[in-house]
Amino acid sequence: MSQSAPGRSPSPARRGVLRGSLAASAALTLGGAGLAAPAFALSGRPRAGWGVQTGDVTTSSGLVWVRSDRPARMLVETSASESFRRVRRHHGPLLGAGTDFTGTVPLRGLPAGEQIHYRVTLADPDDPRRTGERITGTFRTAPERRRDGVRFLWSGDIAGQGWGINPDIGGFRAYEEMRRLDPDFFLCSGDSIYADGPLQPSVTLPDGRIWRNVTTPEKSKVAETLAEYRGNFRYNLLDHNVRAFNAQVPTVTQWDDHEVRNNWYPGQILDDARYTEKDVDVLAARALRAFGEYTPVSTLHARAGSRTSRMHRVVRYGPLLDVFVLDMRSYRNANSPGRQADDTTGILGAEQLAWLKRELAGSTAVWKVLAADMPLGLVVPDGGNIEAVAQGDPGAPLGRELQIAELLRFVKHRRITGTLWLTADVHHTSAQHYAPERAAFQDFAPFWEFVSGPLAAGGFPASALDGTFGPERVFVRAPERGNLSPMESPQYFGEVDIDGHSGELTVRLRAEGGTVLFSKVLQPGRVGQ
């Protein structure tokens, strides 16, 4: 079902903002393999060489992020025009060592469905008149009117399995391809870094070619300290494609395991010689702090100076779409064979499940995307245990499947329409349709789950299906052997396009290079389809 679909080119105003952002960040252009992260001279004025980001944009709000190279006061100006003839000023925090010189400013009272231009200025904290360079960006607020439509992309799995920024192939090329599609936002479905995946300067591929990585000290070992987790988040920002993308496209970000350590769960004590810190809860707290410092996420910046562990949230993107960002990591029980006949904790935890039911029942959006960091019906092993939901037994729900069964039953009985599951994690792309007539558990309405990724990591063969919820794999594209580099296997991302007039939702599974591998059109207002 291969086909192509035209993407929107950035508007002239957005192209102008992008050029300014690229010029401001030119000091971070990639060098050869083995180069450490660029060092900033501490003479002169504050610099924002790591680019800008926006996150969790709604009809009237958003978050703007920046990192300085030294202590500075963050100032943000917004305007309806690229000329910044009329501006609103938003005073931000003092950026210091306590946040690794990062800061986030919430923007409120923005007009709905409009292009917002912003510029970030870093000022000397001792002399506010002494300012550094201005770095610019742009984003669109969510539409207030249904007819305007929504289009976004999703993927995950970045800089994983030993495949980092390779200057020989142009770095993380898929980001530039996504930027050219000019989506309203990007949903990052987890594994946004690989804190447990050290990079080597070079890797010899099976065909004899050499893969070269840009390396940094923090990427030379598994992350354990706060500084090492921070360095892992900084690593991705070395890539010029990522910085250009961030300056143009807002992101909704969730986490999974590799932001901390492979297959982690709360309370885990590691038996891994690479780690001197064996308590995963200690590692997770450090990783969460770094995540909050480097990612504009609304629930991690709810109050000035505060941090919470709450990653799950709803991003309301106008009348057509609510995005339910799940956290399938922080509240789960220990990985096990998954055969428990009674499991109230599951993969979401009781509190998050109650929150999700409440928010789904109260949603008035036409479409309700459940952004999951792990798939439902694909078996993801952890040695002899189970890492995700499905455990390979096609019979009645057991283990973590019990909690998902409860949620699916709730959606059916409350007649909640327009649910759609999106995920990454398994390093291939596929489309699964779940139907009760094929399932061992039948008290649910049919639904779709779409998988896309990796975005900049190794490719892996297709996962096995578990028949408990009756999945049928309608499409799959995956390599035949494990951990193929991005030079050997294309990277993948997905696209969701909601038509403002009909309400139809089209999902496209894309491969790097411009090809649409598979598409599916879903109709609004149906309990299941």
field: Side-chain donor/acceptor of Glu224 to backbone N/O of Thr276, under 3.5 Å
entry: yes
message: With a 4.0 Å cut-off on N to O distance, would you call Arg329 and Asp256 a salt bridge?
response: yes
message: Quick one, Phe101 and Pro71 - any side-chain contact, counting heavy atoms below 4.5 Å?
response: yes
message: Show, in sequence, the C-alpha distance, side-chain angles and deciding distance for Asp100 and Leu226, and conclude whether the side chain to side chain contact (heavy atoms under 4.5 Å, CB included) test is met.
response: CA-CA 10 Å; Asp100 203 25; Leu226 176 59; over 6 Å; no
message: Taking the ring centre of each residue, are Phe444 and Tyr434 less than 6.0 Å apart?
response: no
- prompt: Quick one: CE on Met374 to CG on Asp191, what's the gap to the nearest 0.5 Å?
  reply: 8.0 Å
- prompt: Taking atom CZ of Arg73 and atom OG of Ser68, what is their separation to the nearest 0.5 Å?
  reply: 12.0 Å
- request: Please report the C-alpha distance between Arg119 and Ile135 in whole Å, then the side-chain angles of each, then the deciding distance to 0.1 Å, and finally whether the side chain to side chain contact (heavy atoms under 4.5 Å, CB included) criterion is met.
  value: CA-CA 5 Å; Arg119 59 190 179 192; Ile135 184 166; over 6 Å; no
query: Can any side-chain N or O of Asn213 pair as donor or acceptor with the backbone N or O of Thr215 at less than 3.5 Å?
result: no
query: With a 4.0 Å cut-off, would you call Arg261 and Glu277 a salt bridge?
result: no
message: Are Arg332 and Glu387 packed together at the side-chain level, in the sense that at least one heavy-atom pair is separated by less than 4.5 angstrom?
response: yes
- prompt: Going by distance alone, is a donor N or O of one side chain under 3.5 Å from an acceptor N or O of the other, for Arg67 and Tyr294?
  reply: yes
- request: Could you check if a side-chain atom of Asn166 sits within less than 4.5 angstrom of a side-chain atom of Pro486, using non-hydrogen atoms only?
  value: no
Plane angle bin for Tyr317 and Phe185 - parallel if under 30°, tilted between 30 and 60°, otherwise perpendicular: tilted
- prompt: Can you name the salt bridge (Lys or Arg N to Asp or Glu O under 4.0 Å) partners of Asp168, sequence neighbours left out?
  reply: Arg212
field: Pair Thr468, Asp466: side-chain N/O donor-acceptor within cut-off below 3.5 Å
entry: yes
Main-chain N/O of Tyr492 paired to Ser155 side chain as donor or acceptor, under 3.5 Å: yes
message: What verdict does the side chain to side chain contact (heavy atoms under 4.5 Å, CB included) test give for Thr299 and Met311, after you've listed the backbone C-alpha separation in whole Å, the side-chain angles of each residue and the deciding distance to 0.1 Å?
response: CA-CA 6 Å; Thr299 53; Met311 192 73 69; 5.5 Å; no
- request: Salt-bridge test for Glu406 and Lys357: reply yes if a basic N is under 4.0 Å from a carboxylate O, no otherwise.
  value: yes
task: For Ser202 and Ile210, indicate whether the former's side chain and the latter's backbone hold a donor-acceptor pair under 3.5 Å.
output: no
- prompt: Would you call the rings of Trp264 and Trp255 parallel, tilted or perpendicular, where under 30° means parallel and over 60° means perpendicular?
  reply: perpendicular
message: Between Pro454 and Trp163, is there a side-chain heavy-atom distance shorter than 4.5 Å?
response: no
- request: May I ask you to check whether Trp154 and Phe152 place their ring centers less than 6.0 Å from one another?
  value: no
- request: Starting at OG1 of Thr102, measure out to CZ of Phe233 and round the result to the nearest 0.5 Å.
  value: 11.0 Å
query: Using 4.0 Å as the upper bound for N to carboxylate O, is an ion pair formed by Arg316 and Glu359?
result: yes
- prompt: Does any N or O in the side chain of His427 come within less than 3.5 Å of the main-chain N or O of Gly458, such that one atom is a donor and the other an acceptor?
  reply: yes
task: Ignoring hydrogens and angles, state whether a donor on the side chain of Asp343 or Asn333 is under 3.5 Å from an acceptor on the partner side chain.
output: yes
- prompt: Tell me, do Leu356 and Phe410 make a side-chain contact under 4.5 Å, heavy atoms counted?
  reply: no
field: side-chain hydrogen bond (donor to acceptor under 3.5 Å, both in side chains) evaluation trace for Glu218 with Tyr235
entry: CA-CA 8 Å; Glu218 295 89 352; Tyr235 180 81; over 6 Å; no
field: Gln268 side chain vs Ala334 backbone, donor-acceptor pair below 3.5 Å
entry: no
message: Holding to side chain to side chain contact (heavy atoms under 4.5 Å, CB included), I want the full list of residues that pass it with Thr58, two or more places apart in sequence or in another chain.
response: Ser60, Ser61
message: Donor-acceptor pair, distance only, cut-off 3.5 Å: does the side chain of Gln403 make one with the backbone of Leu348?
response: yes
- request: Working to the nearest 0.5 Å, report the span between CZ of Phe441 and CG of Leu398.
  value: 12.5 Å
query: Salt bridge between Arg179 and Glu176, side-chain N to carboxylate O under 4.0 Å?
result: yes
- prompt: Between Asp157 (side chain) and Val426 (backbone), is there a donor-acceptor pair under 3.5 Å?
  reply: no
query: Are any non-hydrogen side-chain atoms of Met328 and Val389 less than 4.5 angstrom apart?
result: yes
Modelled atom types, side-chain donor and acceptor of Thr423 and Glu449, under 3.5 Å: no
field: Min side-chain heavy-atom separation Thr251-Trp65 under 4.5 Å
entry: no
- prompt: Within the side chain of Asn241, is there an N or O that forms a donor-acceptor pair under 3.5 Å with the backbone of Tyr175?
  reply: no
Validation row: Val379, Ser463 side chains within 4.5 angstrom (heavy atoms): no
message: Test your reading of the model: is there a side-chain donor-acceptor pair from Asp322 to the backbone of Ser363, 3.5 Å cut-off?
response: no
- prompt: CH2 of Trp355 to CZ of Arg313: how many Å apart, nearest 0.5 Å?
  reply: 9.0 Å
message: Ring centres under 6.0 Å, that's the criterion: do His312 and Tyr331 meet it?
response: yes
query: In Å, rounded to the nearest 0.5 Å, how long is the span from CD1 of Ile386 to CZ of Arg339?
result: 7.0 Å
